[in-house]
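In what follows, a single structure is set out as structure tokens and then discussed.
To find a chain, count down the sequence lines: A is the first, B the second, and so on, and within it residues start at 1.
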Number of protein chains: 2
Amino acid sequence: MSQGEPGIELDTSLGYMLKAAASALHSALEAVLRPLGMTITHYSCLELLAQRPGLSNSELARGAFVTRQSMNVLLQALERQGLVVRPAQAPVGRALPTELTARGRRQLKVASAAVRRVEQDMLANLNAGEQDQMRRLLTACIASLTEPPASAT
Amino acid sequence: MSQGEPGIELDTSLGYMLKAAASALHSALEAVLRPLGMTITHYSCLELLAQRPGLSNSELARGAFVTRQSMNVLLQALERQGLVVRPAQAPVGRALPTELTARGRRQLKVASAAVRRVEQDMLANLNAGEQDQMRRLLTACIASLTEPPASAT
DNA sequence: TGACTCATGTCAGCAGTCTGACATACCTTT
DNA sequence: AAAGGTATGTCAGACTGCTGACATGAGTCA
């Protein structure tokens with residue numbers, strides 16, 4: 001099938017390119033996490049808990065960009081594996097603050113290093129200024145997509 | 001649960017921000033495509049076929065960032081719905097060149113307008129120069145992720 | 001205080017995508 | 001010409017994440 005084709009050229013669409021970049025990152029992450037027996041969401045959950053101990057299921061879900069139902073399933077699995085712990089009863093409201101166990105921290109340590117490597121690969125050809133610029137641009141895109149109520153008043 | 005929280009601040013990680021942006025775009029696209037009875041991959045497939053008539057199943061899969069198995073399932077559905085057509089036999093090799101039907105083109109037209117609106121929303125606060133810069137940056141990231149063989153010789 | 005609203009946790013069912021596997025067709029290389 | 005390698009199409013099973021729904025707890029407002 002026209003094997004030498006250099007690739008599809010919808011390449012003027014930033015939406016398409018964003019999807020392409022995210023897909024490439026996703027694949028790269030999967031590739032390094034699979035040997036560790038972890039999925040991306042699994043890793044994301046642990047990383048979130050390391051940086052923000054005590055996050056609830058719903059907060060973890062938002063942070064990992066999945067529904068709270070999906071995160072709930074994952075958390076139950078992580079709990080069974082002894083990677084995280086949750087109190088049997090909510091100290092306040094219904095939210096159950098989750099914490100990493102020592103075992104969870106150990107597993108995260110290995111995964112985190114691998115993920116950092118992937119991210120560094122991705123940014124290998126970008127200097128500090130370009131990385132800053134990229135943060136600005138992505139932030140602007142996210143903001144525009146999440147607060148469109150700012151259009152008609 | 002600390003409801004007023006401005007959001008998690010792993011915000012120095014470009015990998016995380018890229019995922020966040022892609023997720024926001026994904027949600028926005030889903031929101032406008034669902035009322036049309038289409039998924040994002042469904043739309044992507046039609047859009048690819050409009051711009052590159054005759055693409056094979058495998059090529060469509062690569063263009064839509066899914067496996068060829070997934071695209072195969074989708075194509076069979078689209079064929080049943082009369083949105084695309086494929087020859088019963090491959091003119092060359094095993095690849096079946098797919099084409100949009102008039103009905104497929106009609107459906108795409110509506111969806112495409114909605115998607116374009118979403119993309120314009122996303123880029124609302126970026127001028128032409130910034131959009132160009134973003135293309136460059138994303139392209140660099142994709143390249144670095146997909147051709148890491150350039151590390152050790 | 002009581003009604004309303006919102007956020008949360010959780011269960012059940014469903015949809016989309018993936019992995020694994022196999023057969024076929026073309027292009028090398030020997 | 002034969003053999004190996006690669007790309008493709010397709011079937012089957014499994015998994016992940018999502019939607020829908022319900023109950024509980026906290027804050028808000030009349």
Side-chain angles (χ1 to χ4, degrees), chain A residues 1-5 7 19 22-23 26-31 33-35 37-45 54-81 84-98, chain B residues 1-5 7 19 22-23 26-31 33-35 37-45 54-81 84-98:
Chain A
M1 229 344 62
S2 47
Q3 305 164 18
E5 226 171 40
K19 186 173 176 181
S23 173
H26 188 91
S27 296
L29 288 177
E30 264 186 342
L33 290 177
R34 181 188 317 276
M38 307 173 66
T39 66
I40 296 181
T41 308
H42 177 143
Y43 158 74
S44 300
C45 180
L55 283 189
S56 72
N57 174 38
S58 289
E59 290 171 321
L60 287 168
R62 283 191 290 271
F65 310 108
V66 297
T67 62
R68 66 186 195 277
Q69 291 91 332
S70 298
M71 182 54 73
N72 189 37
V73 173
L74 174 61
L75 272 185
Q76 289 174 3
L78 296 183
E79 216 171 355
R80 268 195 306 276
Q81 297 174 41
V84 305
V85 286
R86 280 194 294 179
Q89 248 189 346
V92 55
R94 299 206 68 199
L96 301 174
T98 313
Chain B
M1 228 350 57
S2 50
Q3 303 166 21
E5 227 171 39
K19 187 172 176 181
S23 173
H26 189 89
S27 296
L29 289 177
E30 265 187 343
L33 290 176
R34 182 188 316 276
M38 307 173 66
T39 66
I40 296 181
T41 308
H42 176 144
Y43 157 74
S44 299
C45 179
L55 283 190
S56 72
N57 174 38
S58 289
E59 289 172 321
L60 287 168
R62 283 191 289 269
F65 310 108
V66 296
T67 62
R68 66 186 196 279
Q69 291 91 330
S70 297
M71 182 55 73
N72 189 38
V73 172
L74 174 61
L75 272 184
Q76 289 175 3
L78 296 183
E79 217 171 353
R80 269 195 306 275
Q81 298 175 39
V84 306
V85 287
R86 281 194 294 180
Q89 249 190 347
V92 56
R94 300 208 68 199
L96 301 174
T98 313

Atom CE of B:M38 and atom P of C:dG16 are separated, to the nearest Å, by 13 Å
Is any side-chain heavy atom of A:H42 closer than 4.5 Å to a side-chain heavy atom of A:L33?
-> no
The contact string for nucleotides 16-25 of chain D, one letter per nucleotide 5' to 3', using protein heavy atoms under 4.0 Å with B, S and - for base, sugar-phosphate only and none, comes out as -SBBBB-BBS
Taken to the nearest whole Å, NE2/B:H42 to P/C:dT17 is 12 Å
Check your understanding: Is any side-chain N or O of A:N72 closer than 4.0 Å to OP1 or OP2 of C:dT10?
Key -> yes
In whole angstroms, the gap separating C1' of D:dT6 from CZ of B:R62 amounts to 12 Å
Exercise for the section: Without swapping roles, check the side chain of B:N57 against the backbone of B:L96 for a donor-acceptor pair under 3.5 Å. Expected result: no
Worksheet item: Side chains of A:T41 and A:S70: closer than 4.5 Å at any heavy-atom pair?
Response: no
- Query: Does a side-chain heavy-atom distance below 4.5 Å link B:Q76 with B:N72?
  - Reply: yes
Separation of C:dC6 atom C1' from A:E59 atom CD, nearest Å, is 15 Å
Rounded to whole Å, CD of A:Q76 lies from C1' of C:dA12 at a distance of 13 Å
N/O donor-acceptor pair under 3.5 Å between B:S23 side chain and B:K19 backbone
no
In whole angstroms, the gap separating P of C:dC18 from CG of B:N57 amounts to 12 Å
When rounded to whole Å, the CD to P distance for the pair A:Q89 and C:dT8 reads 19 Å
Rounded to whole Å, CG of A:L75 lies from C1' of C:dT10 at a distance of 12 Å
**Prompt:** B:T98 side chain to B:L55 main-chain N or O, any donor-acceptor pair under 3.5 Å?
**Reply:** yes
